[in-house]
There are 2 protein chains.
Amino acid sequence: MKDISLHMDEYLPLRDVVFNTLREAILTGDLEPGERLMEIKLADKLGVSRTPIREAIRKLELEGLVNMTPRKGAVVAEISKEDLQNVLEVRRVLEQLAVELACKRMCPEDEEALETNLEVFKKAIETNNPTDIAKLDVEFHDIIYMATKNARLIQILFNIREQMYRYRLEYIKDQDTRYTVVKDHAKIIAALKDKKVEEAKKIIISHIEQQEKTIKKNMGFN
Amino acid sequence: MKDISLHMDEYLPLRDVVFNTLREAILTGDLEPGERLMEIKLADKLGVSRTPIREAIRKLELEGLVNMTPRKGAVVAEISKEDLQNVLEVRRVLEQLAVELACKRMCPEDEEALETNLEVFKKAIETNNPTDIAKLDVEFHDIIYMATKNARLIQILFNIREQMYRYRLEYIKDQDTRYTVVKDHAKIIAALKDKKVEEAKKIIISHIEQQEKTIKKNMGFN
DNA sequence: CTGTTGTCTCCTGTATACAATATTCATAAA
DNA sequence: TTTATGAATATTGTATACAGGAGACAACAG
């Protein structure tokens, strides 16, 4: 039997479409922190009934993007300096774990993917395309995550990155840091290839701390 | 105005009641791994409509306790040796982070709570009440989590513990390890009080590794 | 002028109805 | 006997209806 399955995963339940739409809107700031999410209004706007909206909101709640109060509804979660600190504290150790595991378990394809990414990244910086740059940076870390072969870790890191996205857009606008990012990525790749775990960890930490500084600077958290 | 507020948090939406019920059933093994969760059946059994059931299942999905396939429904997530490994890898670093932060931020009340817990724990072991023992062990770690003052970390650790519960019940039945657990707890408290971060981390790691061994032994993962 | 109460409206919580898809099982053809 | 095929059935996806709580606001009492 040949592969006749023409994208059987093409179909997405409305709740997932709604979920993605709302998430995107929150991450880009289209829906502002503190804003109420009213089911009927959203349902009308998106042209669906309340049911998928409700289910999407339940998921957003678990993702930490909205806060719910029973019988009062959901509001877009606030972003605060404290919360950023909290997320970064967790992220720091998990990213370290990720490079550690990646070091152990990385296969040749992963290595290759990292190097390809770095090249494309460099080009994107030349052409100065912010969207591409952000996407490629995300992809770089994705490759490392995947190399860990730990589905749980991957899931949590994805979730954390989601949170970070609300700050990240600010971060990536900052011109000065771009070359630092490239250098960091190159160093990480080298360390991973040489299986220098501690080295790789160190770079990741400084990488994150650099981001932290930039974000705080750009958002006026000080 | 006196405190006349008689349990205003008494009310729980049905979806949360259902969520707790199903979670409990999954964790205790009442609902077995691989078992299908059919909405109508559950709705009839619990005497509610499908709506709260569906919303509860969405939450269970995000918690990782069930797996969903669009248009096919939800099944109770399997528990495998690999998954246990994955969870433990993450847990190891996050528990370390927790004691590190707890060391920094613990207040006198937290210290007191830990010591009280230890005393009660000892008594529970004397009287050999498995339910109490499990509850107190959980509480011990809760106190440390809370002392970190990091809501994100707390949330993830809670979630991880939830996952662990599926193995933990087996773990706690094991008689031999109980005294080790008490000793570990005492050592952790001492280290936290003396602000000996590295020491505390070391103990936590061995504590977890001990659990890991016991769980694997009891579940025949080898 | 201030605070209380009642009503009105809006919104969420829950149930149910209807639509679309997946599964099952029997039947028929090779 | 095995494999297709298709109708019957079961189950999920989505929309809608109805009930009840929360907030807003006006009328009224102090």
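No experiment lies behind these values; they were computed from the predicted model shown. Residue numbers start from 1 in every chain, and the chains themselves are labelled A, B, ... in the order their sequence lines are given, proteins ahead of strands.
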Using a 4.0 Å heavy-atom cut-off, write out nucleotides 5-15 of chain C from 5' to 3' as B (base contacted by protein), S (sugar-phosphate only) or - (no contact).
------SBBBB

Output side-chain donor-acceptor pairs under 3.5 Å for residues 39-46 of chain A, partner residues at least two apart or in another chain, one line each.
| unit_1 | atom_1 | unit_2 | atom_2 | d |
| --- | --- | --- | --- | --- |
| Glu39(A) | OE1 | Arg50(A) | NE | 2.9 |
| Glu39(A) | OE1 | Arg50(A) | NH2 | 2.8 |
| Glu39(A) | OE1 | Arg54(A) | NH1 | 3.3 |
| Glu39(A) | OE2 | Arg54(A) | NH1 | 2.8 |

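- Residues that satisfy the side chain to side chain contact (heavy atoms under 4.5 Å, CB included) test with Leu14(B), not counting sequence neighbours, are Val48(B), Pro52(B).
- Residues from residues 60-67 of chain A placing a heavy atom under 4.0 Å of any atom in DNA chain C do not occur.
- Not counting sequence neighbours, Glu111(B) has no partner by the side chain to side chain donor-acceptor pair (under 3.5 Å) test.
- With sequence neighbours left out, the side chain to side chain contact (heavy atoms under 4.5 Å, CB included) criterion links Pro33(B) to Glu78(B), Ile79(B), Arg166(B).
- In terms of heavy atoms, Ala56(B) sits closest to Val18(B) at CB-CG1, 3.6 Å.
- Screening residues 16-30 of chain A for salt bridge (charged side-chain N to carboxylate O under 4.0 Å, His left out) gives Asp16(A)-Lys59(A), Arg23(A)-Glu162(A) as the qualifying pairs, with residues at least two apart or on separate chains.
- With sequence neighbours left out, Glu139(A) forms a side chain to side chain donor-acceptor pair (under 3.5 Å) with Asn117(A).
- Sequence neighbours left out, the pairs with a member in residues 92-107 of chain B that pass salt bridge (charged side-chain N to carboxylate O under 4.0 Å, His left out) are Glu89(A)-Arg105(B), Arg91(B)-Glu95(B), Arg92(B)-Glu212(B), Glu100(B)-Lys201(B).
- Regarding Asp44(B), its CG atom lies at a distance of 11 Å from the P atom of dT11(D), rounded to whole Å.
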